[in-house]
Amino acid sequence: MTELTAGYRLDEVEGNLLLKRPNGYVLAAFAAEVDFDAIRRVAEADHKYLRAVDLEEKFGAAADSETVLLFAEDVRAARTEYLLALEEAYRG
């Protein structure tokens, strides 16, 4: 088993795997037989999404309208990537 994205962790609870963000927030629950690489991709996609949201919050409000749209598009794209990774993990 390889490592998850920095700070993310998997906890086993009653035969299920809980994927947690660095702050302890439970991001998703998986059956024990879900492929670890699929779970790792979910963590990576969520990390990318959180970075995009953080950048939008830090710099979006003070930016020109075109830049605001670019930040919003980055957040949407990262969120879509996360949801697709999650769907792939659940479908197996």
Side-chain angles (χ1 to χ4, degrees):
M1 185 168 359
T2 59
E3 294 292 318
L4 290 171
T5 301
Y8 285 78
R9 70 179 197 272
L10 272 179
D11 291 341
E12 186 174 346
V13 177
E14 297 180 10
N16 295 308
L17 300 173
L18 301 180
L19 176 61
K20 294 184 177 183
R21 284 180 173 160
N23 65 3
Y25 176 84
V26 175
L27 186 58
F30 300 97
E33 51 278 344
V34 171
D35 181 56
F36 180 80
D37 286 334
I39 296 172
R40 183 184 43 76
R41 285 189 292 276
V42 170
E44 289 170 354
D46 181 66
H47 182 69
K48 185 175 179 180
Y49 167 70
L50 292 178
R51 279 194 334 253
V53 168
D54 186 50
L55 288 173
E56 181 184 43
E57 289 174 355
K58 283 183 181 176
F59 303 110
D64 60 84
S65 60
E66 186 176 324
T67 304
V68 169
L69 289 173
L70 290 174
F71 278 122
E73 179 56 35
D74 285 349
V75 170
R76 277 191 300 277
R79 180 73 176 161
T80 299
E81 182 180 331
Y82 162 73
L83 291 172
L84 290 172
L86 190 60
E87 180 182 11
E88 179 184 324
Y90 283 142
R91 286 188 177 192

Check ion pair Arg76-Glu73 (N to O, under 4.0 angstrom): yes

Spacing of CG belonging to Asp37 relative to CD belonging to Glu88, to within rounding of 0.5 Å: 10.0 Å

Spacing of NZ belonging to Lys48 relative to CG belonging to Asp74, to within rounding of 0.5 Å: 8.5 Å

Other ILVMFWY residues reachable from Leu70 by side-chain steps of under 4.5 Å: none

ILVMFWY network linking Tyr49 to Leu27, side-chain heavy atoms under 4.5 angstrom: yes

Minimum-distance pair of heavy atoms, taken over all atoms of Gly15 and Ala32: O-CB, 3.3 Å

Atom pair CD/CG of Glu12 and Leu18 - distance to nearest 0.5 Å: 9.5 Å

Using atom types as modelled, flag every donor-acceptor pair under 3.5 Å from a side chain in residues 54-62 to any protein atom, sequence neighbours excluded.
{"from": "Asp54", "atom 1": "OD2", "to": "Lys58", "atom 2": "NZ", "distance (Å)": "3.3"}

Side chain to side chain contact (heavy atoms under 4.5 Å, CB included) partners of Leu83, counting only residues at least two apart: Arg79

Test salt bridge (Lys or Arg N to Asp or Glu O under 4.0 Å) applied to Arg9 - qualifying residues, sequence neighbours left out: Asp11

Closest non-hydrogen atom pair, Ala43 against Thr5: C-OG1, 3.9 Å

Side-chain heavy atoms of Leu17 within contact of Val34, under 4.5 Å: no

Listed once per pair and sorted, the ring-ring contact (aromatic ring centres under 6.0 Å, His included) pairs that draw on residues 4-29, sequence neighbours left out: none

All pairs passing ring-ring contact (aromatic ring centres under 6.0 Å, His included) where residues 68-92 contributes a residue, at least two apart: Phe30-Tyr90

Heavy-atom side-chain contact between Leu4 and Leu19 under 4.5 Å: yes

Where Ala6 and Pro22 come nearest, the two heavy atoms and their spacing: O-CG, 3.8 Å

Lys/Arg N to Asp/Glu carboxylate O, Glu44 vs Arg40, below 4.0 Å: yes

